[in-house]
Each structure stands twice: as structure tokens, then as C-alpha cells.
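Reviewing the structure listed below.
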Amino acid sequence: MRKDRVVLDDHGRDHRPDSEPLRPDARVVLLRHGETDWARTGRHTSVTDVPLTERGEDQARAAGARIAALGLRDPLVVTSPRARALRTAELAGLPVDRRWDAAREWEYGEYEGLTTPEIRREVPHWTVWTHPCPGGETADAASSRADLVLSVVSATLPERDVVVVGHGHFSRVLIARWIGEPVTEGRRFALGPAGSTVLGFEHGFRQVVSHNVPPEHGA
């Protein structure tokens, strides 16, 4: 069988398409849950189930209207099992097909409930992207989990679009891995409460179609 010769550019990069999707217009929407008290004050929240604030509930409803305006194709809705994600999906009018632990937030271990300034009193310059979380999840583990989620997402896209309702840091990991970057590059993608990102394709290349669109933003 003949194999095409791979030609790399001057930097050693392979510019062949990532894949040829059966539907070039296939989309993945990542929706972060609405505001919680801990999100509002910058406290790291993974396993702790903090409810949405009143503002967070309003954000979820607004996000639902915005996502509806996208005209997704029979979307498969996957959520983190945390109550804040499930409530966001409910208020957004997104019928949940699967509650999946793999879509949970990055686990912060001993840093659960702490803010970055509080952590940096003990570990200068700390970020979840560059330093470990004692007793929590490693960057490699978060990356492997994201790859698992994206493998299921990719298998679904020939027939249906996908919405993943989840969390801030892990959604940013998904974005980085979607475009083939290491998990640490998630640091370059901000994502506010009830903000959404649309992932898709152009000419076979995976791309970020839109990013961190706030719930109040018009469609």
C-alpha cells in the first residue's frame, strides 16, 4: 500500500490535517458551571459541592439561551457529577444524557478551598498549571482524563454535536488537548462562570471556534 510522504516545515512540524471528520461542521461546546460563592472569591473547588449563587442561576439560564441559538445537531449532553454542573445544565435547558466522573474538576487535594494568594504564601509563584497539588491530581492524570473524554466526544461527532457541562480548569485542559497542546497550555485560556467555548474543525484541523463567551453575550 502506498503511503504519502510526510513533509515537515523548517521547525519540524507536520501540517497534515488532524483528522477528516465526517461532518466538517461538527461542534463541541464546553460550558462552565455558573457562579458559586467559592468561584466568586477565587477558592479552588473540586470535590466540594458548592451550590450556584442566585447570579449563577441567572447565568445558567442565559447560557442556555445562547447555546440554543447555536443550532446544534441533536447534541449529546455530558456533565460532571457535581451538583453545580448538573444545576447549570438543568437551568440551561440541556437534558443530560450522561453524568460522567471523568468530566469532574481538576482535584486540588490539600489546596481545596484555598485561593491562589493563600497558597502562594507557602509556595511562591504557584499555579495549578506549573506546580503540584499535594494529595490531589497531577497534570499528567488530568491530561489522560481529558484525552479519555475527547475520545468519547470524537466518536460521537459523526452523528451528533456534544455539550460538556463542567468546570473551569478541566475545561481549559480539554481545550488544550483538543488542539494537541500539553495540558499546561490550558493556562492561556481564561474561562469565566457560565462562559462557553466552541470547538470544531476547519479543513480537517481542530480549532477553537469561539472562546469564553459570557452568558450575557448575544448570539
Side-chain angles (χ1 to χ4, degrees), residues 28-53 55-60 62-64 66-67 77-89 91-92 94 99-109 111-120 126-133 136-139 141-143 145-146 149-150 153 162-179 181-199 208 210-217:
V28 180
V29 178
L30 306 179
L31 173 63
R32 183 184 173 186
H33 64 76
E35 181 192 79
T36 68
D37 278 333
W38 280 27
R40 179 177 55 80
T41 55
R43 298 173 69 181
H44 287 82
T45 321
S46 56
V47 297
T48 307
D49 238 341
V50 183
L52 300 183
T53 62
R55 180 169 185 248
E57 293 193 343
D58 289 341
Q59 289 174 330
R66 178 168 35 75
I67 291 173
V77 178
V78 177
T79 74
S80 158
R82 304 292 178 241
R84 57 192 182 275
L86 291 165
R87 180 63 171 159
T88 295
L91 293 172
L94 297 168
R99 302 181 186 187
W100 195 12
D101 191 57
R104 69 188 185 275
E105 179 59 294
W106 192 316
E107 295 183 359
Y108 305 118
Y111 295 153
E112 181 81 3
L114 300 180
T115 65
T116 297
E118 288 171 337
I119 299 168
R120 285 181 171 180
W126 181 90
T127 74
V128 72
W129 309 106
T130 56
H131 293 69
C133 296
E137 193 171 19
T138 66
S143 182
R145 186 155 56 86
V149 171
L150 291 176
V153 164
V162 179
V163 178
V164 180
V165 185
H167 307 273
H169 279 132
F170 190 64
S171 292
R172 294 161 67 181
V173 173
L174 290 170
I175 296 166
R177 297 303 299 142
W178 176 260
I179 59 174
E181 294 296 329
V183 61
T184 52
E185 291 305 287
R187 62 188 167 175
R188 305 190 187 279
F189 299 97
L191 188 61
S196 63
T197 293
V198 177
L199 308 175
V208 179
S210 62
H211 175 62
N212 196 23
V213 180
E216 298 83 5
H217 187 81

Just how far is it from atom [atom1] of [X] to atom [atom2] of [Y], taken to the nearest 0.5 Å?
X: Cys133; Y: His44; atom1: SG; atom2: NE2; result: 7.0 Å
X: Thr45; Y: Arg84; atom1: OG1; atom2: CZ; result: 5.5 Å
X: His33; Y: Arg82; atom1: NE2; atom2: CZ; result: 10.5 Å
X: Arg32; Y: Ser80; atom1: CZ; atom2: OG; result: 12.5 Å
X: Leu114; Y: Arg120; atom1: CG; atom2: CZ; result: 13.5 Å

Report the residues that fulfil salt bridge (charged side-chain N to carboxylate O under 4.0 Å, His left out) with [X], sequence neighbours left out, ordered by chain and then residue number.
X: Glu105; result: none
X: Glu118; result: none
X: Glu107; result: Arg104

Minimum heavy-atom distance [X]-[Y], with the two atoms named:
X: Ala194; Y: Pro215; value: O-CD, 3.5 Å
X: Ser143; Y: Val183; value: CB-CB, 3.9 Å
X: Gly166; Y: Ser171; value: C-OG, 4.4 Å
X: Pro214; Y: Arg66; value: O-NE, 3.1 Å
X: Asp101; Y: Arg145; value: O-NH1, 4.2 Å

Can you check whether Leu91 reaches Leu52 side chain to side chain, under 4.5 Å on heavy atoms?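 The answer is yes; the side chains approach within 4.5 Å.
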
Side-chain contact, heavy-atom cut-off 4.5 Å: Val149 with Phe170? yes

Before giving the answer on side-chain contact (heavy atoms from CB on, under 4.5 Å), spell out for Leu31 and Leu94 the whole-Å C-alpha distance, their side-chain angles and the decisive distance to 0.1 Å. CA-CA 11 Å; Leu31 173 63; Leu94 297 168; 4.1 Å; yes

Is Arg188 salt-bridged to Glu181, cutoff N-O under 4.0 Å? no

If the threshold is 4.0 Å, N to carboxylate O, is there a salt bridge linking Glu57 and Arg55? no

By side-chain hydrogen bond (donor to acceptor under 3.5 Å, both in side chains) - contacts of [X] (at least two apart):
X: Thr79; answer: none
X: Asn212; answer: none
X: Arg99; answer: none
X: His211; answer: Thr197

When you measure from the side chain of [X] to the backbone N and O of [Y], does any donor-acceptor pair fall under 3.5 Å?
X: Arg172; Y: Phe189; value: yes
X: Arg177; Y: Gly186; value: no
X: Glu112; Y: Thr48; value: yes

Begin from the C-alpha positions of Leu199 and Val208 and carry the test side-chain contact (heavy atoms from CB on, under 4.5 Å) through to its verdict. CA-CA 5 Å; Leu199 308 175; Val208 179; 4.1 Å; yes

Of all residues at least two apart in sequence or in a different chain, which pass the side chain to side chain contact (heavy atoms under 4.5 Å, CB included) check with [X]?
X: Thr41; value: Arg43
X: Thr184; value: Pro182
X: Ala83; value: Asp49

Side chains of Arg187 and Thr127, donor plus acceptor under 3.5 Å: no

Counterpart residues, ring pair (Phe, Tyr, Trp, His ring centres under 6.0 Å), relative to Trp129 (two or more places apart): Trp106, His169

Across all chains, not counting sequence neighbours, the ring pair (Phe, Tyr, Trp, His ring centres under 6.0 Å) partners of Tyr111 are Trp126

Going by the side-chain contact (heavy atoms from CB on, under 4.5 Å) test, name the single residue among Val162, Val164, Leu174, Val173 that passes it with Leu150. Leu174

